[in-house]
Novice: 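Sharing a structure with you now.
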Amino acid sequence: MNFKLKIWRQDNAQAAGKLVDYEVENISADTSFLEMLDQLNETLILRGENPISFDYDCREGICGQCCLFINGRAHGPLAHTSTCQLHMRSFRESETIYVEPFRAGPFPVKKDLKIDRKPLDEIIASGGYVSVNTGQAPEANATLIDSDTVEQAFDAASCIGCGACVAACKNGSAALFTAAKISHLFRLPQGKIEHKQRVKNMVKTMDKLGFGACSNTGACEVECPQGISISHIALMNREYFKKSP
Amino acid sequence: MYFTTDTATSPNAKIPEGDLKDKWSNFKDQARLISPGNRQKYHILVVGTGLSGASAAASLAELGYQVSTFCFQDSPRRAHSVAAQGGVNAMKNYKNDGDSIYRMFYDTLKGGDFRAREANVYRLAECSSHLIDQAVAQGVPFAREYSGYLANRSFGGVQVSRTFYARGQTGQQLLLGAYQAMMRQVHLGKIRSYTRHEMLDLVTENGLARGIIVRNMDTGAISRHAADAVVLATGGFGKIFYLSTLAMGCNGSAIWRAHKKGAWAACPSWTQIHPTCLPQAGNYQSKLTLMSESLRNDGRIWVPRNKNENRKAVEVPEEDRDYYLERKYPSYGNLAPRDIASRAAKERIDAGYGVGPLKNAVYLDFKDAISKHGKGTIVKRYGNLFNMYEKITGINAYEQPMMISPAAHFSMGGLWVDYELSTNIPGLYAIGEANFSDHGANRLGANSLLQACVDGYYILPQTLPQFLAQQGKANQPDSDSEAFFLAEQQVRSRLEGLCAINGNKTADHFHRELGKILYDKCGLSRSAKGLTAAIEAIRMLKKTFYEELKIPSVLNGINEELEKAGRVADYLEISELMCVDALSREESCGAHFREEYQTPDGEARRNDSEYSYISCWKNSGDIPVLIREPLHFEFTKPTERSYK
């Protein structure tokens, strides 16, 4: 297959960026999107040009490092699929494809398509855990948890931290990311005890870092590679307002 | 001559005295401690933030030590432990199926073909039970029965159910538990986390590990970090095969840098080739995705009985299918250990029975499981794996069998460590997949998550303080010293050298070429002839690498090609040692299958009288030096490993 590409190029965080045109030819339909970019990069390197910087690591949809905004959608045209799991068979022959970084105020572009997502780590650091030191744990089967509850907790816990929810949101809100962790831990008896503090601290941190407010458009849920439901946001909001004076 | 042997040096594994089941307790009873008030005076560097690094960093910080962590990813949560799918083994005996610490120990030792230390393996089994408690307390959502009790499943090479799992994302959930524990300590100011930093050298002074040199991958800045101890938790180097189940960034550079500074490598050629991965489909493929071994609980592996089978898989009748694992290994069947299952697949593929467009795969079929348990049960057990398979291949595996093939997966070999997880350089520790310790010549499924966690949560926090207590604070590390200055200079000139070559081939080109050589000659089967040819080919490739590499000449700022080139440069050296290691071991054991040493029915033929030792490799700057650590089996009797 052949494609025309319009790719965001930006030298560094301070520089202005722009879309640059490229063409790729003879790409197999079973090539993944990132492997297509690999091939383009090999050509650029051999021509003495700077290759395109983009994030990736596991290439099997679980590490959350890849983060391309393709044809106006976080992770491209397929729902619930990370960029690395997207293949060229999902595009039309000779299609023009726009490739940009995830855009949000708290995610500055480092270079080309690479962004800084440290704020997501800061949200977790402010409360996204159970405060248990190594060695303190009681026998695992001492607390029974019904399997439906565990499955619900798992649905939330499956977040890969890619930030597609933020990129898809017109407000640049991290509500789905934050709510997923709050909901995961709230549903389990081990996480319930610290729940009040956790909600307060994580929401406060999220706001402080400059993420926008959630206005319930549901765009995040559509793009989430793990299909995490916005019902977790409702839980977060309910629990947050319960605690406000 | 590819190596020399040093018989004068005998490695001290520091195995504690006493009966097998008392050794770890005896160690802990006698270990020297540091008082709570003094712990903050000690600074420990942890390189790598996967399951072993994050769990070690969190546990050490909880105890009160100052910890700095380094990872090349943009967040500690992305380390490749995240991709482990199937589960984690632990001896709970919840199934009442005859499990015990001894049985788990024996399964693991036998699975590794009696090429690991008894004491290490026993401790792994001993500590496994509490790990499940710890993970549950952190909020890891392990699968449960309807009654609310934890569920288990089986993995290869055992006859009990001791594998705990969280759908097909067990690694992710365990890693998030450790990552969150680590971020809690970051928040408390006990851990300083450096992301997007890659370790480029180890600094030693007077035979002690004193710190590391790292490169900030965003700015290109090189910095020095001095500390009382350095812990390498940098994972495996299976990516050396280019096509592997590993993440693109996984590499062997940190342990190789340590090796060049004097740390011994142990059994580097022992690589696990995983039997259930997606087959190679084209030349520009960048990885071979793993499909969890847990699928072999319900999937049946087969190839057609006829070489020129043209029918679709679903149209091939039972009598024309060869369920070769069930045929050859009736007592373990589809749950034969990984080395055996991979070799059996290769044997069928090489004999011309492979399936798929390149005839390089075998079928993994769920037809019988679906008709027995219903599709709903299979969806619940493996839904995300079936989805992943469909996303990558476009094939619905509920309707037709998956096509799978062996691919490089796990490094049993790594840096040599003693019972305390210390390398032979005092102050340098290696944990998780980066070390060689518990898995012998073949790792059992679901034991890697276990080993990473046990090393990080339970062993290192007990053993490292012993070293710190012996050292005291008299000899403060100083990053302005001569040793740091020299190490930094060397790092800078190496990077400048790579940028200056300005040839006409990319780093990936050399990596792919190296991968082909290794997979053919030092993969599922090896021979003296193949290995010597591989060594010559690698030397040639290394020569052309330094003449023809082309990367952008950017030192200050993001330069992925420079990162890749540095890793490939190290791979070109590691690969030669892998081949030498495989050449020196004239027997077959576990994943190391030498064609010259096999039984008449094609099984591995071990040679206990001559090769019951761990091969430790010392860097002499020229020809590698082999030092042998003999293995003593006091509590078990090595037997022929049979799964028939």
Side-chain angles (χ1 to χ4, degrees), chain A residues 12 28 30-32 34-35 38-39 42 45-46 50-51 53 55-65 81 85 87 89 110-111 114 116-118 120-121 124-126 128-134 136-141 144-147 150 153-154 157-158 160-161 184-185 188 190-191, chain B residues 58-59 62 73-75 77-78 80 82-83 94 130 132-134 136-139 141-150 166-167 169 172-173 176 180-181 183-184 186-187 195 218 247-249 281-282 284-287 289 388 391-392 394 457 461 504 506 508 550-552 557-558 560-561:
Chain A
N12 54 54
S28 145
D30 289 329
T31 302
S32 77
L34 299 181
E35 286 163 0
D38 288 344
Q39 290 179 50
E42 290 222 35
I45 295 162
L46 295 179
N50 260 331
S53 283
D55 277 310
Y56 57 83
D57 201 25
C58 79
R59 298 206 174 182
E60 55 181 279
I62 195 74
C63 79
Q65 181 108 16
T81 302
Q85 299 287 72
H87 291 74
R89 56 178 170 264
K110 290 180 184 175
K111 190 186 174 204
K114 259 180 142 75
D116 186 351
R117 281 168 289 185
K118 233 182 223 123
L120 297 182
D121 282 335
I124 296 295
S126 69
Y129 38 74
V130 176
S131 297
V132 53
N133 281 1
T134 303
Q136 288 177 330
E139 156 60 38
N141 259 346
L144 302 186
I145 313 174
D146 78 87
S147 62
V150 169
F154 194 107
S158 65
I160 61 173
H184 157 216
L185 296 173
L188 298 171
Q190 291 83 2
Chain B
S59 303
E62 286 162 10
Q73 296 89 351
D74 76 344
S75 164
R77 68 181 292 155
R78 308 202 198 284
H80 200 56
V82 79
Y94 286 158
H130 195 266
I132 300 304
D133 303 339
Q134 181 69 26
V136 167
Q138 288 173 342
F142 284 125
R144 293 187 179 248
E145 311 285 358
Y146 282 112
S147 54
Y149 291 94
L150 287 155
R167 290 188 201 161
Q169 291 165 235
Q172 182 203 24
Q173 294 306 314
L176 290 179
Q180 288 164 197
M183 293 315 285
R184 176 174 157 238
V186 169
H187 191 62
T195 57
D218 287 336
M248 303 304 286
Y284 285 95
Q285 202 162 344
S286 54
K287 80 166 282 172
T289 303
M388 183 163 87
K391 273 182 189 171
I392 298 171
Y457 284 121
N504 55 13
T506 61
D508 279 342
K550 185 175 180 71
I551 58 171
I558 295 175
E560 289 95 339
E561 295 303 307

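So you know, we letter chains A, B, ... as the sequences are listed, proteins then strands, and number each from 1.
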Novice: What part of L176(B) gets closer than 4.5 Å to chain A, counting heavy atoms only: side chain, backbone, both or neither?
Specialist: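 Contact with chain A: side chain only.
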Novice: Given heavy-atom pairs under 4.5 angstrom as the criterion, report whether the side chain, backbone, both or neither of Y94(B) touches chain A.
Specialist: side chain
Novice: Do you know which of M388(B), Q138(B), Q172(B) has the most heavy-atom pairs under 4.5 Å to chain A?
Specialist: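 Of the options given, most contacts go to Q172(B).
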Novice: Is it the backbone or the side chain of T81(A) that comes under 4.5 Å from a heavy atom of chain B, or both, or neither?
Specialist: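 T81(A) touches chain B through backbone and side-chain heavy atoms alike.
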Novice: Check salt bridge (Lys or Arg N to Asp or Glu O under 4.0 Å) between R167(B) and all other residues, then give those that pass, not counting sequence neighbours.
Specialist: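 Checked R167(B) against salt bridge (Lys or Arg N to Asp or Glu O under 4.0 Å); matches are E151(A), D155(A).
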Novice: At a heavy-atom separation under 4.5 Å, does D57(A) approach chain B through its side chain, its backbone, both, or neither?
Specialist: both
Novice: Given that the side chain runs from C-beta out, which part of Q285(B) has a heavy atom under 4.5 Å from chain A: side chain, backbone, both or neither?
Specialist: both
Novice: With chain B as the partner, which of L185(A), N50(A), I160(A) has the greatest number of non-hydrogen pairs under 4.5 Å?
Specialist: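 So the answer, after comparing L185(A), N50(A), I160(A), is I160(A).
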Novice: With a 4.5 angstrom heavy-atom cut-off, which part of L34(A) approaches chain B: side chain, backbone, both or neither?
Specialist: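 Answer is neither: L34(A) stays 4.5 Å or more from chain B.
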Novice: Restricting to non-hydrogen atoms, name the atom on N133(A) and the atom on Q134(B) that form the minimum distance, rounded to 0.1 Å.
Specialist: O-NE2, 3.5 Å
Novice: Measure from the side-chain N and O atoms of Q180(B) to the backbone N and O of G128(A), and report whether any donor-acceptor pair falls under 3.5 Å.
Specialist: yes
Novice: Pair Q169(B), S158(A) - check side chain to side chain contact (heavy atoms under 4.5 Å, CB included), show working.
Specialist: CA-CA 8 Å; Q169(B) 291 165 235; S158(A) 65; 3.7 Å; yes
Novice: Quick one: which of K118(A), K111(A), R117(A), Q136(A) has the most heavy-atom pairs under 4.5 Å with chain B, could you say?
Specialist: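 Among K118(A), K111(A), R117(A), Q136(A), the one with the most close pairs to chain B is R117(A).
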Novice: For L188(A), is it the side chain, the backbone, both or neither that has a heavy atom under 4.5 Å from a heavy atom of chain B?
Specialist: side chain
Novice: Between D121(A) and S75(B), what is the shortest heavy-atom contact and its length?
Specialist: OD1-OG, 2.8 Å
Novice: Looking at Q173(B) and A157(A), would you say the former's side chain and the latter's main chain have a donor-acceptor pair under 3.5 Å?
Specialist: yes
Novice: With a 4.5 angstrom heavy-atom cut-off, could you sort out which part of F154(A) is near chain B: side chain, backbone, both or neither?
Specialist: both
Novice: As an exercise, state the distance from NZ of K391(B) to CD of Q85(A), rounded to the nearest 0.5 Å.
Specialist: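 Interatomic distance, K391(B) NZ to Q85(A) CD, rounded to 0.5 Å: 6.0 Å.
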Novice: Do the side chain of H184(A) and the main chain of G139(B) share a donor and acceptor less than 3.5 angstrom apart?
Specialist: yes
Novice: Where does I145(A) contact chain B at under 4.5 Å (heavy atoms): side chain, backbone, both or neither?
Specialist: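 Its backbone and side chain both get close to chain B.
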Novice: Among D38(A), D146(A), N141(A), L46(A), which residue has the highest count of heavy-atom pairs closer than 4.5 Å to chain B?
Specialist: N141(A)
Novice: Can you tell which of I132(B), D133(B), V136(B) makes a side chain to side chain contact (heavy atoms under 4.5 Å, CB included) with E139(A)?
Specialist: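 For E139(A), the side chain to side chain contact (heavy atoms under 4.5 Å, CB included) check succeeds only for D133(B).
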Novice: What are the two closest non-hydrogen atoms of M183(B) and Y129(A), and how far apart are they?
Specialist: C-CE2, 4.5 Å
Novice: With chain B, which of G61(A), G191(A), S126(A) has the greatest number of heavy-atom pairs at distances under 4.5 Å?
Specialist: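 Max contact count across the listed options: S126(A).
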Novice: I45(A) and K550(B): which non-hydrogen atoms are nearest, and at how many Å?
Specialist: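 Taking I45(A) first and K550(B) second, the nearest heavy atoms are O-CE, 3.2 Å.
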Novice: So, for E42(A) and D508(B), which heavy atoms are closest and what is the spacing to 0.1 Å?
Specialist: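 Closest approach of E42(A) to D508(B): OE2-CB, 3.9 Å.
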Novice: For the residue pair Q73(B) and C63(A), establish whether any side-chain heavy-atom pair is separated by less than 4.5 Å.
Specialist: no
Novice: Which bit of S147(B) is near chain A, if near means a heavy-atom gap under 4.5 Å: side chain, backbone, both or neither?
Specialist: backbone
Novice: State whether a side-chain donor-acceptor pair under 3.5 Å links T289(B) with E60(A).
Specialist: no
Novice: Closer than 3.5 angstrom, by distance alone: can the side chain of R78(B) be matched with the main-chain N or O of G161(A) as a donor-acceptor pair?
Specialist: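 Flag set: sc R78(B) to bb G161(A) pair under 3.5 Å.
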Novice: Tell me, for A281(B) versus chain A, whether the close heavy atoms (under 4.5 Å) come from the side chain, the backbone, both or neither.
Specialist: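 Contact with chain A: none, neither part.
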Novice: For E560(B) and S53(A), which I'm curious about, is there any donor-acceptor pair between the side chains at under 3.5 Å?
Specialist: yes
Novice: Please classify the contact of S131(A) with chain B as side chain, backbone, both or neither, using a heavy-atom distance under 4.5 Å.
Specialist: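 Both backbone and side chain of S131(A) come within 4.5 Å of chain B.
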Novice: Going from NZ on K110(A) to CG on D218(B), what distance comes out if it is rounded to the nearest 0.5 angstrom?
Specialist: 3.5 Å
Novice: Assess, by modelled atom type and distance only, whether the side chains of T134(A) and E62(B) contain a donor and an acceptor separated by less than 3.5 Å.
Specialist: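 Looking only at side-chain atoms, E62(B) and T134(A) do form a donor-acceptor pair, the distance falling under 3.5 Å.
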Novice: Between H80(B) and C58(A), is the side chain to side chain contact (heavy atoms under 4.5 Å, CB included) condition met? List the steps.
Specialist: CA-CA 7 Å; H80(B) 200 56; C58(A) 79; 4.1 Å; yes
